[in-house]
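Within every chain, numbering begins at 1; the chains are lettered A, B, ... in the order of the sequence lines, protein sequences first and strands thereafter.
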2 protein chains.
Amino acid sequence: MARDADRTRKRLLEAAGVEFSALGIAGARVDRIAEAAGCNKAMIYAYFGNKDQLFDAVFSAHVATFLDEVPFDAPDLPGYAGRLFDRYEDHPDTLRLATWYRLERPRGASLQAVVSSNQGKLEKLEHAQREGVLPGHYTPVELLTLVLSISTAWASMTPELGVNAPADRDRRRHTVVDAVRRLLADGESASAPPVTLSGASS
Amino acid sequence: MARDADRTRKRLLEAAGVEFSALGIAGARVDRIAEAAGCNKAMIYAYFGNKDQLFDAVFSAHVATFLDEVPFDAPDLPGYAGRLFDRYEDHPDTLRLATWYRLERPRGASLQAVVSSNQGKLEKLEHAQREGVLPGHYTPVELLTLVLSISTAWASMTPELGVNAPADRDRRRHTVVDAVRRLLADGESASAPPVTLSGASS
DNA sequence: TCGTGTCAACTGACCGGTTGGTTGGGAGTA
DNA sequence: TACTCCCAACCAACCGGTCAGTTGACACGA
């Protein structure tokens with residue numbers, strides 16, 4: 001076990017991923033992370049600054065891997081949703097980290113990688129719509145929001161409901177893919193208010 | 001300001017709701033809750049036992065109000081989704097508390113009120129399907145999961161995506177209602193695997 | 001009306017343990 | 001020697017939880 005800064009950094013990142021995913025930022029304990037990584041607590045501060053920055057490093061790494069492993073596919077949104085589902089099933093940590101991030105992170109500080117990634121997705125969606133590959137009854141943001149939401153439907157479900165007939169994985173996956181497919185089906189769906197913004201009312 | 005146990009309990013519950021909703025269980029501070037409620041920290045332990053039980057009390061109260069204010073309507077799922085959306089928009093705290101609950105309480109202790117409520121919903125869905133009011137291409141659990149997921153689509157969206165064209169509230173509401181409506185549209189959507197469970201595969 | 005006893009409601013101060021964060025020095029390597 | 005990597009030990013602040021003691025309302029007897 002020779003000295004290796006990179007290796008230590010990586011082990012720390014890995015242990016932190018487990019800890020943060022399970023307990024969140026406020027619930028995570030740096031001592032536990034250091035112990036799980038088989039090194040001293042001081043290493044965290046030497047390599048990552050502090051607890052918050054360690055979380056950022058962990059989350060950024062997970063996001064990068066995630067974006068890399070699940071490439072966006074505007075023309076085939078049902079397929080994309082299915083691949084998102086698979087990824088969430090195989091790596092539940094990523095979604096948990098994202099949820100902690102959304103809940104615990106103070107407003108404002110967004111990950112640039114995510115912002116630009118979303119921007120690219122929206123542009124591709126708009127392009128696909130102009131080409132007629134995708135229907136136009138939803139705007140790109142609406143489309144993306146619905147797809148992401150449906151993909152995580154099973155993963156972000158309340159545990160009380162999860163007990164009831166969770167079905168097997170294949171069936172759950174099919175539900176996700178099928179739902180997105182139905183969302184894209186042609187045909188007006190009753191009255192549709194203007195897309196452009198209007199005065200708000202209850 | 002006479003002494004009033006019920007009033008104190010209520011103020012504690014309210015202050016705790018704000019604190020827990022914002023910081024979660026691990027992030028919440030009992031001193032802060034007591035101070036916000038204008039009473040002593042010891043009252044929390046006298047009335048609720050401990051921090052965790054205080055959270056349970058807060059969450060149960062929120063859930064009870066929620067279930068009361070948004071009655072289930074199996075024959076009109078799009079309308080139900082719309083009302084869920086409204087509730088989440090008007091009271092973001094409830095969803096945040098539910099998310100904290102899901103993340104920070106991994107053990108099996110489920111809220112009986114939620115379990116039985118879900119049971120009732122599933123039965124109503126099944127009944128509506130047998131009556132032909134609802135299509136049968138999704139099982140009751142699948143239906144409920146999708147509806148709940150879509151209703152919270154905007155509320156549980158990543159902040160990075162939220163920046164991009166969040167649209168006005170009416171439009172967002174319409175998107176939710178419309179999406180559920182499309183899910184219920186008749187017609188087979190390509191190949192459908194059996195509903196009954198089969199051997200798992202990747 | 002006054003004095004007194006009683007008890008729930010409430011409080012200030014404290015405790016044991018924990019937490020994020022720091023530091024001085026030692027081991028390994030070139 | 002000089003430089004990097006690493007850690008045991010330490011610290012100040014903080015946190016959940018407890019407890020002995022105080023306060024206020026009210027019933028009751030005279």
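Contact record, A:L111 with B:E160: N-OE2, 2.8 Å, taken as the closest heavy-atom pair.
For the pair A:K41 NZ and C:dT22 C1', the computed distance is 9 Å after rounding to whole Å. The CG atom of A:D6 sits 14 Å away from the P atom of D:dT4 (whole-angstrom rounding). Straight-line distance from the CZ atom of A:F55 to the C1' atom of C:dG20: 17 Å, rounded to whole Å. Summarising the geometry, the separation between OH on B:Y45 and C1' on C:dC10 is reported as 16 Å, rounded to the nearest angstrom. Atom CE of B:M43 and atom C1' of D:dT23 are 12 Å apart (whole Å). Distance A:F48 CZ to D:dC5 P: 13 Å, rounded to the nearest Å. Going from atom CZ of B:R7 over to atom P of C:dC10 covers 11 Å, rounded to whole Å. In this structure, B:I44 places its CD1 atom 13 Å from P of D:dC15, rounding to the nearest Å.
Salt-bridge annotation for A:K124 and A:D73: absent, with no side-chain N of the basic residue lying under 4.0 Å from a carboxylate O of the acidic one. Salt bridge status for B:R173 with B:D170: absent, with no side-chain N to carboxylate O gap under 4.0 Å. With salt bridges taken as basic N to acidic carboxylate O contacts below 4.0 Å, none links B:E69 and B:R83. Here B:D6 does not pair with B:K10 in a salt bridge; the nearest charged N to carboxylate O distance is not below 4.0 Å. Salt bridge present: B:R181 and B:D178 bring a charged side-chain N and a carboxylate O closer than 4.0 Å.
Note on B:A42: a base of the nucleic acid sits closer than 4.0 angstrom, heavy atoms only.
Against DNA chain D, the stretch residues 24-40 of chain B makes heavy-atom approaches under 4.0 Å through B:A28, B:R29, B:V30, B:D31.
Within 6.0 Å of CD in A:E35 there are 12 or fewer heavy atoms belonging to other residues, nucleotides or ligands.
A close approach under 4.0 Å does not occur between any side-chain nitrogen or oxygen of A:Y47 and OP1 or OP2 of D:dC5. At C:dC10, one or more side-chain N or O atoms of B:T8 fall inside 4.0 Å of OP1 or OP2 (strictly under the cut-off).
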